[in-house]
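Structure record follows, encoded as structure tokens.
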Amino acid sequence: MMKFALFLGCNIPARVQQYDMSARAVLDMLNVDLVDIREFNCCGYPMRNSDFEAFVLFSARNLALAERKGLDMVTLCKCCFGSLKKADHLMKEDTSLRDKINSLLAKEGLSYGGSIEVKHFLSVLHKDIGISALKEKITGGFKDLKIATHYGCHALRPSDITQFDNPTAPVLFDQLVEVTGAKSIDWPLKLECCGAPLLGINDDLSMDLTQKKMVDGKQSGADYLCVACPYCQLQFDTVQDMMISIRGTDHKLPSILFPQLLGLVMGIEGKALGIDMNQIDISGIEAFLS
Amino acid sequence: MGKINLDRADPDFRRELAKQPGGDKISACFTCRTCTASCPIAAVNDTFDPVKIIRMALYGLKEDVLKSDFIWLCSSCYTCQERCPQGVRITEFMTLLKNLAVKEGNMPTGIRAQQDLIKGEGRIYPIDDFDNKKRDKVGLPPIPTSCSVVKKLFPSE
């Protein structure tokens with residue numbers, strides 16, 4: 001049985017509970033054992049811009065906690081994933097930084113030796129479990145459903161560190177979406193930023209980026225967006241909803257989290273996947289089930 | 001911004017940058033503008049232009065860069081860095097500039113608020129008993145409501 005330490009980060013428990021529920025439900029059916037490490041803190045991502053070493057310290061503390069338990073980590077958030085991968089890389093490559101960080105972690109009896117692997121939820125599904133094993137668990141399928149997959153920046157780039165997929169022509173997420181019977185459409189802005197990192201710094205600019213993606217996805221014929229990151233989901237769900245009142249825009253391109261999409265074709269009930277917990281109603285997607 | 005005023009230039013700035021991760025390769029930039037052409041922010045905002053920021057830094061316009069609002073508009077999507085033919089780590093460079101700006105006391109209020117929260121609570125969205133009740137209702141395990149150990153980790157505070 002596969003076993004991972006589940007790294008939730010800050011956003012999911014506070015604001016995107018349905019991601020937590022649906023990912024656990026799906027992984028449970030795939031016989032993946034998840035361990036919750038209560039001592040985990042923020043991945044450090046929000047500190048990168050203000051205090052880089054503090055970011056590495058935060059990230060490395062999480063890595064050290066998982067390593068102490070002898071577990072690889074799985075993250076649901078692309079920004080947590082990118083941050084933990086970056087810190088893991090630095091702790092292996094930059095010896096003076098590693099010594100400094102480990103001497104701080106020593107106050108808690110921790111140190112990070114670089115022996116664990118950090119994976120994103122989508123990679124676990126695609127690489128560790130595999131497309132054919134996934135297909136065996138699928139009981140239904142979508143028909144005539146067109147999905148715009150949104151890859152998320154910090155999984156793809158910088159590719160030398162994240163090692164997620166080909167950064168210019170990725171296929172991993174499209175293949176996973178197509179396992180469900182849905183069609184993953186081509187859309188020009190597929191690999192672009194969702195706008196979330198600028199929320200709170202320049203809200204207008206953040207919404208400009210989101211709006212461009214909405215228009216592009218809709219024009220390309222998508223029925224739904226599909227994401228696997230809480231930041232992207234909040235942007236396409238909560239912020240898209242806010243934009244209706246702030247900007248008068250209404251693109252009606254709702255976003256579904258990938259484990260919600262996958263869970264529906266694995267026969268998991270919508271309620272257990274938190275389908276009713278998204279801000280913008282996605283219950284209509286069940287009509288595409290054949 | 002019009003003419004460059006070299007009286008305000010600090011010739012040591014590029015050497016200072018070259019010693020730090022992210023600033024170490026900027027002198028390899030040959031101004032091909034692949035970064036700017038790739039940038040989703042530059043596509044919608046006239047004040048943000050990665051190649052210009054690299055040039056300003058190389059010319060030593062330290063104050064103009066570190067006191068600017070535009071360095072904070074980078075969303076760290078890494079598209080420029082991924083595509084740079086010269087291997088300039090542009091996103092890391094932007095991160096370095098933001099870190100240096102913070103050291104000089106220039107940061108947006110949102111960034112400051114995030115930093116205070118994390119250094120205090122260990123999480124950007126602290127969890128309370130109400131959140132845990134909601135988690136319990138849907139069968140999710142509880143999450144600690146405080147992470148005081150984080151304070152111990154910061155040597156200066």
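So that the names make sense, note that chain A is the first sequence line, chain B the second, and so on, each numbered from 1.
Heavy atoms from other residues, nucleotides or ligands lying under 6.0 Å from CD of B:E63 number 12 at most. Around the CZ atom of B:F30, the shell of radius 6.0 Å holds more than 12 heavy atoms that belong to other residues, nucleotides or ligands. Counting heavy atoms of neighbouring residues, nucleotides and ligands inside a 6.0 Å radius, atom CG of A:D160 exceeds 12 of them. Atom CZ of A:R247 is surrounded by more than 12 heavy atoms from other residues, nucleotides or ligands within 6.0 Å.
Counting heavy-atom pairs closer than 4.5 Å to chain A, the top-ranked of the candidates B:V44, B:I124, B:I111, B:L140 is B:L140. Across B:P108, B:G110, B:P40, the residue that shares the most heavy-atom pairs under 4.5 angstrom with chain A is B:P40. Contact tally against chain B (heavy-atom pairs below 4.5 Å) for A:G44, A:A272, A:G274, A:P167: the top residue is A:P167. With chain B as partner, the option from A:D36, A:D20, A:L199, A:L209 having the largest number of non-hydrogen pairs under 4.5 angstrom is A:D20. The residue among A:S159, A:A14, A:A196, A:G200 with the most heavy atom pairs within less than 4.5 Å of chain B is A:S159. For chain A, the option among B:T79, B:D128, B:I143 with the highest count of heavy-atom pairs below 4.5 Å is B:T79. Contact count against chain B (heavy-atom pairs under 4.5 Å) is highest for A:S50 among A:S50, A:C43, A:C153, A:G195. Between chain B and the options A:E53, A:E39, A:R24, A:K271, heavy-atom pairs under 4.5 Å are most frequent for A:R24. Most heavy-atom pairs under 4.5 Å with chain A: of the set B:D131, B:L100, B:D69, B:V138, this distinction falls to B:V138. Between chain A and the residues B:M107, B:K103, B:R135, B:Q115, the largest count of heavy-atom pairs under 4.5 Å involves B:R135.
Between B:R83 atom CZ and A:R157 atom CZ the span is 7.5 Å, to the nearest 0.5 Å. Once rounded to the nearest 0.5 Å, the distance linking CD1 of B:I118 with SG of A:C10 reads 6.5 Å. Interatomic distance, B:S38 OG to A:L191 CG, rounded to the nearest 0.5 Å: 12.0 Å. One finds the NZ atom of B:K134 at 7.5 Å from the CE atom of A:M277 (value rounded to the nearest 0.5 Å).
B:L97 does not touch chain A: none of its heavy atoms, backbone or side chain, sits under 4.5 Å away. The parts of B:P142 that come within reach of chain A are both its backbone and its side chain, each placing non-hydrogen atoms under 4.5 angstrom from that chain. For A:E192, the part lying under 4.5 angstrom from a heavy atom of chain B is the side chain only. Within the 4.5 angstrom heavy-atom criterion, no atom of B:E121 approaches chain A. Residue contact with chain A, scored on non-hydrogen atoms closer than 4.5 Å, involves the backbone and the side chain of B:P144 alike.
Closest non-hydrogen pair, B:T95 versus A:F52, comes out as CG2-CD1, 4.0 Å. Considering every non-hydrogen atom in both A:D51 and B:K119, the closest pair reads OD2-NZ, 3.4 Å. Closest approach of A:K212 to B:A43, counting heavy atoms only: NZ-CB, 3.8 Å. Nearest heavy atoms, A:C193 versus B:S75: SG-OG, 3.3 Å. In this structure, B:Y125 and A:N11 approach most closely via the heavy-atom pair CE1-OD1, 3.1 Å.
Looking at B:N99, its side chain does come within 3.5 Å of a backbone N or O of A:N49 through a donor-acceptor pair. With hydrogens and angles ignored, the 3.5 Å screen pairs a side-chain donor or acceptor of A:H154 with a backbone N or O of B:S76.
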> Going through the distances and angles, do B:R123 and A:N41 end up as a side-chain contact (heavy atoms from CB on, under 4.5 Å)?
Replying inline: CA-CA 6 Å; B:R123 313 179 66 86; A:N41 50 261; 5.7 Å; no
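Heavy-atom neighbours of chain B within the stretch residues 201-208 of chain A, taken at a separation under 4.5 angstrom, comprise A:I201, A:N202, A:L205, A:D208. Interface residues of residues 77-88 of chain A toward chain B, defined by a heavy-atom distance below 4.5 Å and sorted by number: A:K86.
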